[in-house]
Amino acid sequence: MSIYDSLNGPQKEAVLTTDGPVLILAGAGSGKTRVLTHRIAYLIEELGVRPFNILAITFTNKAAQEMRERVDKLIPDAGAEDVWVSTFHSMCVRILRRYIDRIGYETGFTIYDQDDVKSIVKGIMKRLDIDTKLVNERSVMKVISDCKNDLISAAEFEKEAVDMKEKKIASVYREYEDELFKNNALDFDDLLVKTVELFDASPKVLEYYQNRFRYIHVDEYQDTNSVQFELVSRLAAVHKNLCVVGDDDQSIYRFRGADIRNILSFEQVFKGAKVIKLEQNYRSTQGILDVANAVISHNKGRKSKRLWSDRQTVEPVRFTTFPDQKTEASGVITEIKRHVDTGGERLGDTAILYRTNAQSRSFEEACLLKNIPYKVVGGVNFYHRAEIKDILGYLKTIANGRDDLAVRRIVNMPKRGIGDASVEKAAVFAAENGLTLYEALAMAEEIPGFGRSAGKITGFINQIRVLKAKSREMGIADLIRNVIDDVEYESELLKLDEEQAESKRENLEELINKAAEYDQKYEESEMLPSLDSFLEEVALVADIDSVEDSENRLLLMTLHGAKGLEFERVYLCGMEEDVFPSYLSTVSGDPADIEEERRLAYVGITRAKTYLTLTAAQTRMVNGETQFHNVSRFVKEIPDGMLKVEGERRGSAGSPFKTSRTGSYGSSGSFGGSRPGIFGTNPGFGKDVSNLFKGPAAGGDFVIDYAEGDRVSHAMMGQGTVIAMDGSGPDCTVTVEFDTRGVKKMKAGFAKLKKLL
DNA sequence: CTTTCTATGCTTTTT
DNA sequence: GCATAGAAAG
């Protein structure tokens, strides 16, 4: 009896096919993690491959850790801890820390997070005098990030820039690259880009890793982007033992540059690739899978597959409507409480999933009201919270004063009377003399022109020096306590209202706990833990990484956060048009956006093992105004017999939710139709609907000012040329050949095309 | 230099 | 509805 006997046919084949490129199309819940762990075990145990010759790339640190543990359990004492299991990002950091000097950076580079990037971009736009009302920094950041994910350099982008706006963005991009290089800093995308650059610049380094990683595994392959593809192709070029696992139906990171073509064209790119499909689902009941299949079948261009399960349906999938988001939340929480109190269910086996983080709030409030312990995953990442970043800023400055952004952040936090003017003066001096900001501040006494600030700056520098000395004789947890005490951080908290201050104190306490855990790892070796490596670890953690299975709390998270997880009982909430699918995806006019939303729905549905409930609210507060929503098209795509509809009956006289079908979403025939309990598809009821109604008739002042052959621009798709127009008015079907996204057809009323002169 | 007031714009989704 | 940014006042 071997450990491989428990695998089904295709799973076994996937484990045993070790040489050459392999694509494992693994449907949701089909045991892909099992396959990967068994495959790695097989390589080590049966084929005698040395563990450090194996690479496995996962999507999150949590998944990496779990995989390592599971392999170790399968084959104890086989050295499984030497297998490289990590995310793309941490793998790249590891490589770059060793070799980035080959491309001109120092190996002690700092990693900038989104906030850092934002303040850099902001500074540059101010310097270049670019009006942020014309181009906001968020969209500039997006363009830069998109470029990097497609390996488009600043110079290349500049060459391609056509209009004023793009030229301006190009100049920001160029400045941005210069500044990061000058600061010896990399942003998140750079971690991947620079690794590719390194490989191209230094064949020796590439060769080393090619030889080292004889067997390469990539999980969640459907969500890889171009850089990641380039990275993987280079690494696998010699041994060609590349095993990728993914599911095109679960690709949900297109907005981040993920290219579904990576998985769809794998067989063409890697010649002779073996394709193995895993279609038996071991997670969900057949009833849940039927619903998942029904929804996802509305997407085009997918690899054909149909998940099945031999788990019998315990309870049909339910759909419940509520008057508003508050009753939705309390209704769901009450029901969960009942299942725990009288049904003997574990709270930790239930999850509430929603489209946007903002939706967590009403559920949190309901939990507090009913005394349900919960954990919100995501939202503002723990390490991105202001108070945490403040303390980390101190730690970075203590570790080395090289990170100017960190110094800027803390120099007047808490308030020390060192204002922007003084900091700018020091920054100019630093730039002129090739110093870091910290070094310049340390010389404040010798630089004329600081006036009264000089003494305050010296006070700050001395505080850092004292802490620096302390850092050499205590662990990180103690150091953090000292930072908080010495700089009197508490004085900042006292300015806030008690509730906020308390939550910040709790966060700081949690940071100390995390540091203490880290300290403990070093205790056995009787070494002081390195501040640098602590900061490094902290820079790359995702929120999901910190979820402990043992905690037994109700989990609240976005659909994106739920990827790769499973729960006995799942509530998929906010199933409303313009919430899910999101407003932006419905107005963009790009059908691919809706398809991505639908895949997200598929991911959500397939998280449930036994019980699944979909809920919707008829009205919801969005941006401070009450909006009326129709039931999500994804609910309507589920055939009548598969769904148990609950909640208030609509359609009674006087109700604004009369069942009335207007087919406002185009090809009306495909939408489920009216059935009791589902409010109609007519968007034109109640107040505040004017801004919800995106249909062609909105406003009545619709004008098309472009014609065939004209250059136009689209909010999401960029620029293109109109190649055909069919019909007139808002219903006119416009065919546009976009410069970067190919030919698309869209309704003029939806597309909001702008004519370019 | 800091605090307070007012305007604005904003929400997808995240390693 | 809230958080943030910038202006105005202290």
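Numbers restart at 1 for each chain; the letters A, B, ... are given by sequence-line order, proteins then strands. Just the heavy atoms: all of them, side chains too, but no hydrogens, waters or symmetry mates, feed the values below.
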K.L.:
Between the side chains of Lys326(A) and Glu365(A), is the shortest nitrogen-to-carboxylate-oxygen separation below 4.0 Å, so that they form an ion pair?
P.N.:
no
K.L.:
State whether the side chain of Glu230(A) and the backbone N or O of Val196(A) hold a donor-acceptor pair below 3.5 Å, judged by distance alone.
P.N.:
no
K.L.:
Please work out whether the ring planes of Phe255(A) and Tyr253(A) are parallel, tilted or perpendicular, with thresholds of 30° and 60°.
P.N.:
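Rings of Phe255(A) and Tyr253(A): tilted, 30 to 60°.
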K.L.:
Round to the nearest Å and state the distance from Lys415(A) atom NZ to dG10(C) atom P.
P.N.:
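Result: 19 Å.
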K.L.:
With sequence neighbours left out, write down each residue that passes side-chain hydrogen bond (donor to acceptor under 3.5 Å, both in side chains) with Thr110(A), or none if nothing qualifies.
P.N.:
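In terms of side-chain hydrogen bond (donor to acceptor under 3.5 Å, both in side chains), with neighbours along the sequence ignored, Thr110(A) is linked to no residue.
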K.L.:
Please collect all salt bridge (charged side-chain N to carboxylate O under 4.0 Å, His left out) contacts where either partner lies in residues 120-130 of chain A, sequence neighbours excluded, each pair once.
P.N.:
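Salt bridge (charged side-chain N to carboxylate O under 4.0 Å, His left out) check on residues 120-130 of chain A returns Arg127(A)-Glu175(A), Arg127(A)-Glu179(A).
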K.L.:
Give DNA chain B the dot-bracket treatment, 5' to 3': Watson-Crick (N1-N3 with N6-O4 or O6-N4) or G-U (N1-O2, O6-N3) under 3.5 Å, [ ] crossing, | other strand.
P.N.:
||||||||||.....
K.L.:
Separation of Gln359(A) atom CD from dT12(B) atom C1', in whole Å?
P.N.:
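It is 10 Å, rounded to the nearest whole Å.
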K.L.:
DNA chain B: Gly417(A) or Ser585(A), which has the more 5' nearest nucleotide?
P.N.:
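Nearer the 5' end of the strand: Gly417(A).
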K.L.:
Mind listing the closest non-hydrogen atom pair of Ala386(A) and Arg409(A) along with its distance?
P.N.:
O-NH2, 3.2 Å
K.L.:
Please produce a list of atom pairs where a protein N or O lies less than 3.5 Å from an N or O of nucleotides 1-6 of chain C.
P.N.:
residue : atom : partner   : partner atom : Å
dA5(C)  : OP1  : Lys122(A) : NZ           : 3.3

K.L.:
For the residue pair His89(A) and Phe188(A), categorise the inter-ring angle as parallel (less than 30°), tilted (30 to 60°) or perpendicular (more than 60°).
P.N.:
tilted
K.L.:
Between atom CG in Asp590(A) and atom P in dT12(B), what is the gap in whole Å?
P.N.:
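Answer to the nearest Å: 15 Å.
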K.L.:
With sequence neighbours left out, write down each residue that passes salt bridge (charged side-chain N to carboxylate O under 4.0 Å, His left out) with Arg68(A), or none if nothing qualifies.
P.N.:
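For Arg68(A), no residue satisfies salt bridge (charged side-chain N to carboxylate O under 4.0 Å, His left out) once neighbours in sequence are set aside.
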K.L.:
Has the side chain of Asn412(A) got a donor or acceptor atom that lies under 3.5 Å from a matching backbone atom of Ile418(A)?
P.N.:
yes
K.L.:
For Arg138(A), report the nucleic acid contact type (base, sugar-phosphate, nothing); a contact means any heavy atom under 4.0 Å.
P.N.:
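The residue Arg138(A) makes sugar-phosphate contact but no base contact.
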K.L.:
Given dC1(B), is OP1 or OP2 found less than 4.0 Å from the side-chain N or O atoms of Arg416(A)?
P.N.:
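No, Arg416(A) has no side-chain N/O under 4.0 Å of OP1/OP2 on dC1(B).
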K.L.:
Could you tell me how far dT11(B) sits from dG6(C) if I compare only their C1' atoms? Round to whole Å.
P.N.:
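These two C1' atoms come out 22 Å apart once rounded.
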K.L.:
Which pairs, protein N/O on one side and nucleotides 13-15 of chain B N/O on the other, fall under 3.5 Å?
P.N.:
residue : atom : partner   : partner atom : Å
dT13(B) : OP1  : Asn357(A) : N            : 2.9
dT13(B) : O4'  : Arg355(A) : NH2          : 3.3
dT13(B) : O2   : Arg355(A) : NH2          : 2.4
dT14(B) : OP1  : Thr558(A) : OG1          : 3.0
dT14(B) : OP2  : Asn357(A) : ND2          : 3.4
dT15(B) : O4'  : Arg256(A) : NH1          : 3.4
dT15(B) : O3'  : Phe59(A)  : O            : 3.1
dT15(B) : O2   : His89(A)  : NE2          : 2.6

K.L.:
Phosphate oxygens OP1/OP2 of dC1(B): is one of them under 4.0 Å from a side-chain N or O of Ser422(A)?
P.N.:
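Answer yes for this pair, as a side-chain N or O of Ser422(A) is under 4.0 Å from OP1 or OP2.
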K.L.:
Taking the six-membered ring of Phe59(A) (Phe, Tyr or Trp), confirm whether the NZ or CZ of Lys563(A) is under 6.0 Å from its centre and within 45° of its axis.
P.N.:
yes
K.L.:
Please check this pair: side chain of Gln250(A) against backbone of Val603(A), looking for a donor-acceptor N/O pair closer than 3.5 Å.
P.N.:
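No, because the side chain of Gln250(A) does not come within donor-acceptor range (under 3.5 Å) of the backbone of Val603(A).
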